[in-house]
Amino acid sequence: MSTMIAPARETVRAADRVSAARRHVSPGETLSQTLTMAWRALKKMRRNPEQFFDVTFQPVLLTAMFAYIFGGAIAGDVASYLPLMIPGILAQTVLTSCMATGTQLREDMEKGVFDRFKSFPIARIAPLAGPMVADLLRYTIAATLTFCMGLLLGYRPGGGAPGVFAAIVLAIFTGWSLAWVFTWVGTIARSAQAVQGISMMILFPLTFLSNAFVPVETLPDWLAAFVKINPVSHLVTAARDLANSALVTGEVAWTVLACLIVITIFAPLSVHSYKRHM
Amino acid sequence: MSITELDRAGGGAVVSGGTGLAVHAEGLVKTFGEHRAVDGIDLDVRPGEIFGVLGPNGAGKTTTLRMLATLLKIDAGRAEIFGVDVVGNPHVIRQLVGVTGQYASVDEHLTARENLWLFGRLLGIASPRARRIATELLEQFGLEEAANKPIAQFSGGMRRRLDLAASLISRPPLIFLDEPTTGLDPRTRGQMWDTIRGLVADGCTVLLTTQYLDEADQLADRVAVIDLGRKVAEGTPDELKTAVGNSTLQLLLAEPGEVPAAAEVVRRVLGSDPVLSPERGRLNVALDQADLAADVLIALRTAGVSITSVSVAKPSLDEVFLALTGHGADGDDENSREENR
């Protein structure tokens with residue numbers, strides 16, 4: 001601390017720096033900055049393993065609970081309920097884990113280090129997209145555990161490994177897309193608790209008012225109408241077709257389309273509201 | 001591209017003005033609801049100087065700095081940094097300015113080394129070089145032993161040093177320091193001052209805010225005094241001290257009625273007007289040298305003015321305000337407030 005700045009350092013010349021300054025962030029720089037922010041998020045996860053609780057315990061517990069509670073009532077027995085239920089649980093766990101994206105972003109944004117990120121010449125989207133890239137790991141854990149738990153309970157997916165893999169990839173992509181909604185909520189809400197509350201309100205109707213756990217035919221007409229347009233239903237149907245019969249149906253296209261629409265709307269909204277916060 | 005930083009003007013020259021100033025701000029305004037936190041501040045900072053913004057809490061110092069650093073929207077007025085318009089080219093400004101905030105802006109979850117590496121990577125420095133710069137900075141700031149400890153275990157002084165180190169990674173030509181020594185012990189404070197002087201020796205320009213008159217005196221080439229979102233004075237520390245005095249003689253008279261007589265005595269002895277405090281019977285006399293206190297006291301005795309208590313103190317920020325504006329940092333003198341408007 002006594003000899004602070006080494007005397008041999010070359011002088012900082014303001015005029016040179018002004019002329020060398022770049023006017024905007026290139027897409028390549030944006031990607032590299034996003035990946036650097038993802039590295040930060042992964043480091044954080046490793047040092048706070050409780051961040052993995054929701055993606056580990058929830059799939060394990062929910063799969064077991066739902067199988068034994070609803071199995072007999074809905075499908076006659078556990079074994080015949082599993083092919084219906086596992087893709088539903090898959091969708092639900094991935095969506096629940098993407099809800100945490102918004103809450104954690106809000107908590108993070110209140111910390112001093114975000115001031116530095118804002119003062120840096122980096123793409124405004126990088127601090128938002130970085131954690132979302134890191135969250136892909138969480139979705140992967142949640143999706144894989146759901147299927148493992150299913151296998152343990154006696155689920156034998158007819159689609160085989162490729163079908164299951166495709167279903168997992170689709171679920172992860174959907175989770176990542178919908179996470180932009182929660183990221184946006186994270187940038188507009190006043191506190192992490194508020195994010196949690198708003199996210200729950202979005203998430204519960206989306207997952208439970210779908211065909212995730214019960215056949216649509218058992219629902220009243222007005223409810224069935226909503227269930228049929230709910231994007232989560234499309235994900236669940238697509239995942240069922242993939243995992244149980246290795247069929248790529250039109251549902252996959254609907255799911256991907258819905259996801260793209262969500263990204264197109266909420267990614268710019270999130271960046272806009274993040275910038276406005278400054 | 002729409003979601004990365006856009007600039008409106010497209011290509012071409014960024015530099016507009018030929019002022020040659022590091023910072024040039026005119027009539028900056030920031031409003032939070034009804035409250036005008038910054039109410040028309042002009043600032044001119046020359047390249048290579050340390051410019052101090054002095055003021056009490058809530059004067060608008062931090063808000064001004066944050067507007068200049070593109071962290072807050074400028075509600076009215078305009079600002080240029082090295083001739084680059086702040087509002088029109090935020091991305092360029094961010095490459096020219098290093099910001100060290102009042103509260104350390106480093107990542108609590110990472111170690112000191114990881115923090116510096118992360119910031120280096122974000123600034124577009126290749127990984128091996130970012131690692132090398134991190135090591136260099138940790139050495140320079142005496143943090144090499146704590147390099148691999150989580151920030152949560154750092155003392156306040158260590159955090160400040162790491163924070164400043166982080167602002168220097170890209171060696172920006174202009175550095176903003178928001179109250180760099182608030183809450184530091186005297187020794188760490190002195191070290192921070194040395195560091196800041198070193199920056200200027202390297203060719204940087206420093207704009208710092210402070211609540212301490214002696215800090216502004218120690219460091220700054222020029223000082224702007226800010227109160228209630230407005231600039232109330234500007235000059236070198238010497239000029240400020242001429243207005244305020246090196247020390248202040250505080251007198252409490254036995255008879256409040258004798259204040260005019262006492263003021264007359266002071267005027268005769270020192271040739272300057274004392275400041276009458278809001279409480280009746282009190283006089284504050286700015287002194288260039290503490291020795292002059294004796295002259296004043298002897299003259300008062302000769303004139304038959306009797307005194308209840310006497311003290312000689314270094315001028316506090318409040319007295320700077322008293323001297324500069326005629327009211328304290330939270331003053332209530334009607335007339336002098338009128339003058340300020």
Side-chain angles (χ1 to χ4, degrees), chain A residues 1-7 9-27 29-30 32-33 35-37 39-41 43-48 108 111-129 267-268 270-272 275-276 278, chain B residues 1-7 9 11 14-15 22 47 69-73 82-84 89 91-92 94-99 101 103-110 114-115 118-119 121-124 136 140-142 150 161 163 166-167 171-174 191 194-195 198-199 201-205:
Chain A
M1 188 64 193
S2 48
T3 54
M4 296 301 312
I5 301 292
R9 311 258 305 253
E10 59 179 294
T11 313
V12 179
R13 297 169 73 91
D16 298 352
R17 301 298 290 275
V18 174
S19 49
R22 282 147 299 145
R23 313 253 356 233
H24 31 222
V25 194
S26 75
E29 286 171 332
T30 306
S32 142
Q33 289 155 4
L35 292 177
T36 307
M37 295 301 279
W39 173 85
R40 168 181 178 265
K43 274 272 171 195
K44 247 179 76 181
M45 280 184 203
R46 250 184 47 194
R47 290 188 186 148
N48 301 283
D108 219 15
K111 301 220 173 89
V113 70
F114 256 71
D115 252 6
R116 186 168 297 285
F117 294 148
K118 283 175 186 166
S119 78
F120 269 6
I122 58 173
R124 303 291 99 176
I125 198 172
L128 306 180
S270 305
V271 174
H272 178 76
K275 280 168 85 169
R276 214 173 34 115
M278 324 199 320
Chain B
M1 226 10 243
S2 65
I3 36 186
T4 59
E5 193 62 64
L6 279 181
D7 77 271
V14 191
V15 183
T70 75
L71 292 173
L72 271 180
K73 204 174 139 272
F82 295 115
V84 180
N89 300 284
H91 186 62
V92 175
R94 289 175 194 134
Q95 292 168 69
L96 300 175
V97 180
V99 186
Y103 306 100
S105 4
V106 288
D107 196 325
E108 300 273 326
H109 299 281
L110 304 179
E114 285 167 347
N115 261 293
L118 170 81
F119 297 145
R121 290 290 297 135
L122 286 175
L123 290 165
E136 275 172 30
Q140 273 171 33
F141 283 81
R161 278 184 274 158
D163 201 23
S167 308
R171 309 201 68 216
L174 177 62
Q191 289 171 340
D194 288 341
T195 311
L199 295 175
D202 264 14
C204 293
T205 307

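Remember, it's a predicted structure, so these values are computed and weren't measured experimentally.
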With a 4.5 Å cut-off on side-chain heavy atoms, are [Y] and [X] touching?
X: B/L122; Y: A/M37; answer: yes
X: A/V113; Y: B/E108; answer: no
X: A/V18; Y: B/V84; answer: yes
X: B/L110; Y: A/R47; answer: yes

Check this for me, if you would: do B/E114 and A/K43 make a salt bridge, where the nitrogen-to-carboxylate-oxygen distance has to be below 4.0 angstrom? yes

Taking only Lys NZ, Arg NE, NH1 and NH2, and the carboxylate oxygens of Asp or Glu, determine whether A/R116 and B/D163 approach each other closer than 4.0 Å.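 Yes, A/R116 and B/D163 are salt-bridged.
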
Going by side-chain hydrogen bond (donor to acceptor under 3.5 Å, both in side chains), name the residues that satisfy it together with A/S119, two or more places apart in sequence or in a different chain.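 Counting only residues at least two positions away or on another chain, A/S119 forms no side-chain hydrogen bond (donor to acceptor under 3.5 Å, both in side chains).
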
Side chain, backbone, both or neither: which part of [X] has an atom under 4.5 Å from a heavy atom of chain B?
X: A/T36; value: both
X: A/E29; value: neither
X: A/F117; value: side chain

I need the B/D107 CG to A/D108 CG distance, nearest 0.5 Å.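 Taking CG in B/D107 and CG in A/D108, the distance rounds to 7.0 Å.
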
Among B/V97, B/L96, B/N115, which residue has the highest count of heavy-atom pairs closer than 4.5 Å to chain A?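 The option with the most such pairs is B/L96.
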
Residue selection (most heavy-atom pairs with chain A, distance under 4.5 Å) from B/P172, B/P150, B/P47, B/A22: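 Top count of heavy-atom pairs under 4.5 Å with chain A: B/P172.
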
Can you name the closest pair of heavy atoms from A/R17 and B/R171 and give their distance?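 That would be NH1-O, 2.5 Å.
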
A/G112 versus B/S105, closest heavy-atom pair with distance: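 So the minimum-distance heavy-atom pair works out to O-CB, 3.0 Å.
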
Need one label for B/S167: side chain, backbone, both or neither, based on atoms under 4.5 Å from any heavy atom in chain A. both

Can you tell which part of B/A201 gets under 4.5 Å to a heavy atom of chain A, answering side chain, backbone, both or neither?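 B/A201 has no heavy atom closer than 4.5 Å to chain A.
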
Could you list the residues that satisfy salt bridge (Lys or Arg N to Asp or Glu O under 4.0 Å) with A/R46, not counting sequence neighbours?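 Not a single residue meets the salt bridge (Lys or Arg N to Asp or Glu O under 4.0 Å) criterion with A/R46.
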
For B/Q95 and A/R22, indicate whether the former's side chain and the latter's backbone hold a donor-acceptor pair under 3.5 Å. yes

